[in-house]
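Report on the following structure.
In this chain, residues are counted from 1 in sequence order.
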Amino acid sequence: MEDLKDEDDAAYNTNATAFNGSMDRHEIIQYYSEWAYQYEEDLAPGRYDGPMMTAETCAQYFKKKDRQNVRILDVAAGTGLVGELLAKKGFSDIHALDPSEGMLELAKRKQVYKTFLNEYLTEDKLPVPDSGYVVIAMREEYLYNVPEYKDRLEPLMAKLEAQGKWVNVERRVVPNYAFKKNGLIFIYKVL
């Protein structure tokens, strides 16, 4: 059992390194690109249930017969774990956005995304056509201890909503999202 805890701690720390504020955006992109081939092992189900929770949330919003017509932007798509689960639930208009080329290369192998946007989500550009859905799932702790998100992410999302670019459909805290910590799921509809 101790070996399993050590592995969990190592995986948690590997993931946390990208968010500790010691790297700039370019270094974070490089870090994720180098981590890409170990990512799914480190963040396997049980340690990281966010992808499953995200796919289940989307499925709750749409009848099975309508899912093929729902446009989804998988923000921080990584290796495509969420996209793969969404496809299994009948969604087919899925788009990936991730600044890490290495992660997107692995996501492409899953063959579930229509387009790949190798960039960050910014306030200047929301790369989704009108009436598209943006699903954001993340650990709740990131809002409090990640410099890029702390006091910035939710105000940015609120600003985009105030500008009429999208509307919040849901903001939900989910337990045991990753490493037995809470997560957040946001769904926005682009106007």
Side-chain angles (χ1 to χ4, degrees), residues 18 25 28-29 32-33 36 39-40 43 48-64 66-140 142-143 146 148-149 152-172 174 177-178 183-191:
R25 283 183 167 204
I28 292 170
I29 291 169
Y32 270 99
S33 288
Y39 181 85
E40 289 189 23
L43 298 181
Y48 177 45
D49 291 330
M52 181 254 323
M53 291 176 180
T54 303
E56 286 177 359
T57 297
C58 291
Q60 291 170 2
Y61 273 84
F62 305 100
K63 294 176 183 171
K64 192 165 187 143
D66 298 329
R67 292 178 190 167
Q68 66 190 13
N69 299 316
V70 174
R71 177 164 298 180
I72 296 176
L73 176 63
D74 184 359
V75 176
T79 62
L81 293 171
V82 171
E84 188 173 43
L85 293 168
L86 288 168
K88 287 178 181 176
K89 293 195 175 288
F91 294 96
S92 59
D93 193 5
I94 310 167
H95 305 267
L97 181 143
D98 198 289
S100 167
E101 222 174 291
M103 289 285 191
L104 285 179
E105 284 305 313
L106 292 176
K108 287 176 184 176
R109 294 180 186 180
K110 295 206 168 43
Q111 299 182 356
V112 296
Y113 294 105
K114 286 192 170 185
T115 60
F116 297 88
L117 303 162
N118 186 214
E119 59 190 271
Y120 279 99
L121 180 67
T122 68
E123 64 183 285
D124 301 325
K125 177 179 155 197
L126 190 57
V128 174
D130 293 351
S131 299
Y133 284 86
V134 177
V135 176
I136 303 169
M138 60 186 280
R139 275 189 249 171
E140 184 179 35
Y142 287 175
L143 289 180
V146 174
E148 283 287 316
Y149 298 162
R152 296 176 73 187
L153 181 62
E154 286 192 295
L156 172 60
M157 292 189 285
K159 179 180 174 182
L160 291 170
E161 188 167 17
Q163 292 172 345
K165 294 184 178 181
W166 67 7
V167 62
N168 181 269
V169 177
E170 181 178 11
R171 180 196 189 275
R172 179 173 26 136
V174 290
Y177 177 84
L184 287 170
I185 295 177
F186 300 92
I187 297 181
Y188 286 89
K189 183 175 183 182
V190 178
L191 301 175

Mark yes when over 12 heavy atoms from residues, nucleotides or ligands other than Gln60 sit less than 6.0 Å from its CD; otherwise mark no.
yes
Return the CD to CD distance between Glu161 and Glu154, rounded to the nearest 0.5 Å.
11.5 Å
Rounded to the nearest 0.5 Å, the CE atom of Met52 sits from the OH atom of Tyr177 at a distance of 10.5 Å
Can you see which heavy atom on Leu73 is nearest to which on Ala96, and at what distance?
CD1-C, 4.3 Å
Just by distance, do the side chain of Asn118 and the backbone of Pro99 share a donor-acceptor pair under 3.5 Å?
yes
Using atom types as modelled and distance alone, determine if a side-chain donor or acceptor of Ser100 lies under 3.5 Å from a backbone N or O of Ser33.
yes
Here the gap from Arg71 atom CZ to Lys114 atom NZ, rounded to the nearest 0.5 Å, amounts to 7.0 Å
Can you find a pair of side-chain heavy atoms, one from Lys165 and one from Lys159, that are under 4.5 Å apart?
no
On the 0 to 90° scale, with breaks at 30° and 60°, tag the Tyr142-Tyr149 ring pair as parallel, tilted or perpendicular.
tilted
Is the shortest side-chain heavy-atom distance between Tyr32 and Asp98 below 4.5 Å?
no
Find the distance between CG (Leu86) and CG (Asp93) and round it off to the nearest 0.5 Å.
11.5 Å
Relative to each other, are the rings of Tyr113 and Phe116 parallel, tilted or perpendicular (30° and 60° limits)?
perpendicular
Side chain to side chain contact (heavy atoms under 4.5 Å, CB included) between Asn69 and Phe62: does it pass, once the steps are laid out?
CA-CA 10 Å; Asn69 299 316; Phe62 305 100; over 6 Å; no
Distance check, rounded to the nearest 0.5 Å: Tyr120 atom OH versus Arg25 atom CZ?
5.5 Å
Taking it one step at a time, do Leu160 and Tyr188 satisfy side chain to side chain contact (heavy atoms under 4.5 Å, CB included)?
CA-CA 10 Å; Leu160 291 170; Tyr188 286 89; over 6 Å; no
Evaluate the side chain to side chain contact (heavy atoms under 4.5 Å, CB included) criterion for residues Thr54 and Leu85: first the C-alpha distance (whole Å), next the side-chain angles of each, then the deciding distance (0.1 Å), finally the verdict.
CA-CA 9 Å; Thr54 303; Leu85 293 168; over 6 Å; no
Leu117 and Leu104 have their tightest heavy-atom pair at O-CD1, 3.8 Å
Kindly indicate, with the supporting measurements, whether the criterion salt bridge (Lys or Arg N to Asp or Glu O under 4.0 Å) is fulfilled by Glu40 and Lys110.
CA-CA 13 Å; Glu40 289 189 23; Lys110 295 206 168 43; 2.6 Å; yes
Atom CG of Leu43 and atom OG1 of Thr79: how far apart are they, to the nearest 0.5 Å?
8.5 Å
How far apart are the closest heavy atoms of Ile185 and Ala137, and which atoms are they?
CG1-CB, 4.1 Å
Exam field: side chain Thr115 to backbone His95, donor-acceptor pair closer than 3.5 Å
no
If you compare all heavy atoms of Gly83 against all heavy atoms of Asp74, which two are closest, and at what distance to 0.1 Å?
N-OD2, 3.6 Å
Under 3.5 Å, side chain of Trp166 to main-chain N/O of Met157, donor-acceptor pair present?
yes
For Leu97 and Glu119, which heavy atoms make the closest approach, and how far apart are they?
CD2-O, 3.2 Å
With a 3.5 Å distance limit and no angle check, can you tell me whether Arg171 reaches the backbone of Leu184 through a side-chain donor-acceptor pair?
no
Heavy-atom pair of closest approach, residues Gln68 and Ser92
O-OG, 3.2 Å
